[in-house]
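Below: one structure, written as structure tokens.
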Amino acid sequence: MKIPTFLDLLDHEATPDWRTPTFWLGSRGAWFAPGLLFGLTFALYISLLLSLVGSGLFLLSGGETQGAVQSAAQFLSPRLADPWAAGGVILTLALYIFIAENVLRIALDTAAAKPFEAKNASRFFRAAGAAAILSAMHFLNVVLDSGFGARFAGGSASGVYASLLLAITFVSLASAFREGERLRREQDLTV
Amino acid sequence: MGISVKLDRVLLDRGMSLTELSERVGVTIANLSILKTGKAKAIRFSTLEAICKELDCQPGDILFFDED
């Protein structure tokens, strides 16, 4: 018996409706693993983004900070005082927002039952590029911090791996969506 | 090169417009236009059957294999 690949499941006629549990948790389960991997990694990034934004707002408003927000504020406050570090923080935030924007646009298309639009593969590729830049920034920070004690925007070895993993996930999804788009176009030209 | 469609010629012979054929076979004009202009990647047997029935012809009258 031939085991279907991820790309086989992109065939519209073979794939169950994405809104049904069968699609996500069906016996073939091919969507489950990449879906879970992508979901967990992205959730990590969203929570980090929210904590950064939240702590930034607390700092700007002069409010008291506690717990996770306080630690994020402690991370941000010395960096916002240094123009170079502040630039790094802004660039990092911009990259997170860029990734989030692209993924949310794809999610909107998917919610409208049109996941294989031509632009979605490009969006995943762009998000992968941003994640790769984030990974490089984390790596640069690890090197600068450990070698010279200088900090740019904060970074860690786990950040390097997480961003790299996110970039790889995005590239895989981009390839799958490109194939899906090709199949959809072919199906559109079947009369 | 490959399979070419001669739907326009058959339509001309029968004196039928694309709109009329579309109404008779229940296929949209957009899809018939894709077929007529040779942009179609595939054709369903059901579509071919309906076209042949309405135009009173054989599949070979509509589809040609062109080696060049």
Notebook entry, point to check: Is there a chain of hydrophobic side chains (I, L, V, M, F, W, Y, each step under 4.5 Å between heavy atoms) that links B:Phe64 to B:Leu32?
Noted result: no
Notebook entry, point to check: Can you hop from B:Val27 to B:Leu48 via hydrophobic side chains spaced under 4.5 Å?
Noted result: yes
Polar contacts chain A-chain B (donor-acceptor, d < 3.5 Å, no H, no angle):
{"unit_1": "A:Leu189", "atom_1": "O", "unit_2": "B:Lys41", "atom_2": "N", "d": "2.8"}
{"unit_1": "A:Val191", "atom_1": "N", "unit_2": "B:Ala42", "atom_2": "O", "d": "3.0"}
{"unit_1": "A:Val191", "atom_1": "O", "unit_2": "B:Arg44", "atom_2": "N", "d": "2.9"}
{"unit_1": "A:Val191", "atom_1": "O", "unit_2": "B:Thr47", "atom_2": "OG1", "d": "3.3"}

Is it the case that atom [atom1] in [X] sees more than 12 heavy atoms from other parts of the structure closer than 6.0 Å?
{"X": "A:Phe139", "atom1": "CZ", "value": "no"}
{"X": "B:Phe45", "atom1": "CZ", "value": "no"}
{"X": "A:Tyr161", "atom1": "OH", "value": "no"}
{"X": "A:Arg105", "atom1": "CZ", "value": "no"}

Item checked: Which atoms of B:Ile43 approach chain A - backbone, side chain, both or neither, heavy atom under 4.5 Å -> both
